[in-house]
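Heads up: the structure comes next, in structure tokens.
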There are 2 protein chains.
Amino acid sequence: MGNTLALTERQKELVEKIGIFHEQSGMQPAAARVMGLLFVADKRELTFDDITEVLGISKSATSNAINLLIQTDLIDYTTFSGDRKRYFRLKITNWREGLARKINHMTSMNTLFREVLEARKETGAAEDEKLEELIDFLNYVNQELPKMVERWEARRR
Amino acid sequence: MGNTLALTERQKELVEKIGIFHEQSGMQPAAARVMGLLFVADKRELTFDDITEVLGISKSATSNAINLLIQTDLIDYTTFSGDRKRYFRLKITNWREGLARKINHMTSMNTLFREVLEARKETGAAEDEKLEELIDFLNYVNQELPKMVERWEARRR
DNA sequence: AATTTAGTTCATAAAATTATGAACTAGCGA
DNA sequence: TCGCTAGTTCATAATTTTATGAACTAAATT
């Protein structure tokens, strides 16, 4: 029983590209490939076995990856009555949120920088001012980013 | 000859915090600690040996870390005549740029998503529309972010 | 010329991450 | 009750990443 989901070369290439992208954002390799596959496969919903077979990874690797992606809310699944399989699919809508969270993580450095500044013996050095400036910038981004998302949403309507 | 730069507990704590933050952004552990140290040390400029001794890492680890940080433009050094040592220091001003670059990397996913969409057999499915929407959002961010930075700069003056 | 200083390089070791496969579980249907 | 399906779990293996230490270089100093 050959697998009906075989990928074209183009699809394989895109799975890798998307995989690498996610790896670079800190995701485990297998999970990153699962993301890629869910993006490019001919079907929008894949079963556990689809994933295992098409990616050529072990069941445990698939299990790990899927649970990780569910936990981080990047994928989802449906079921159908009289069928025990789960059908996994991307939760694309959560991307915006995820992006915002990541940017937020970066800009959250500002509180840590503030602590650093307070722990420094006051030298009144030019370096301290530069750090102040950076903190101010991060604060600004933190404040403006949600507004930006709102503007995008408004424009959409 | 004991080292004159010994860190307080508070400073050590902050080095670790900053280190972990950078590690989470994909930086190698040793380099991440060097960043932390340069942030919290009593002096704003440290030598190779200061770093090696205070962090308790090997010379090669220090060498690696420093070269990495110089390459990625996160640190700098000065020299003084009649002194062969290099004095390493943070290049804080480049942070804004670095942050912008990272956000850009994330939003650069839009071109890849566009490729995915084009490779999909046109099903006209709702999923495709969601992906379109995401691409649109990423485009928007890419476009608006530089403006945001400009607004911050303007406000600063 | 010999030594010291300020590093670099590289083979190897240690540690951390990721994947495997075999054994297991729990529900369903016959 | 037996077997099958759809996974999970865990000890172990493979891979990757990171750090070490010893040997080296090249410039400055004595």
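Just so we're on the same page: letters track the sequence lines, and every chain starts at 1. Computed from a predicted structure; not experimentally measured.
- First and last contacting nucleotides of DNA chain C toward chain A (any atom under 4.0 angstrom from a heavy atom, 5' to 3' order): dT18(C) to dC28(C).
- Salt bridge present: Arg10(B) and Glu13(B) bring a charged side-chain N and a carboxylate O closer than 4.0 Å.
- A salt bridge links Glu132(B) with Arg114(B): at least one charged nitrogen is closer than 4.0 Å to a carboxylate oxygen.
- Ionic pairing of Glu127(B) and Arg44(A) is not present here: no N-O contact between side-chain nitrogen and carboxylate oxygen is shorter than 4.0 angstrom.
- Judged purely by atom type and a 3.5 angstrom limit, Arg33(A) uses its side chain to pair as donor or acceptor with the backbone of Pro29(A).
- For DNA chain D, the neighbouring residues in residues 55-64 of chain B, judged by any heavy atom under 4.0 Å, are Ile57(B), Ser58(B), Ser60(B), Ala61(B).
- If you check the side chains of Gln24(B) and His105(A), you find a donor sitting under 3.5 Å from an acceptor.
- If you measure from atom NE2 of His22(B) to atom C1' of dT18(D), you get 18 Å, rounded to the nearest angstrom.
- More than 12 heavy-atom neighbours from other residues, nucleotides or ligands sit within 6.0 angstrom of NZ on Lys91(B).
- Ion pair Glu97(A)/Arg101(A) flagged as a salt bridge, since at least one NZ, NE, NH1 or NH2 atom sits closer than 4.0 Å to an Asp/Glu carboxylate oxygen.
- For Tyr77(B) and Tyr87(B), the ring centers are positioned 6.0 Å apart or more.
- For the contact set between residues 77-90 of chain B and DNA chain C, defined by any heavy atom under 4.0 Å, the members are Arg84(B), Lys85(B), Arg86(B).
- For the 3.5 Å distance criterion, the side chains of Thr52(B) and Asp49(B) fail to qualify, holding no donor opposite an acceptor.
- Of the N and O atoms on the side chains of Asp42(A) and Gln11(A), at least one donor lies less than 3.5 Å from an acceptor on the other residue.
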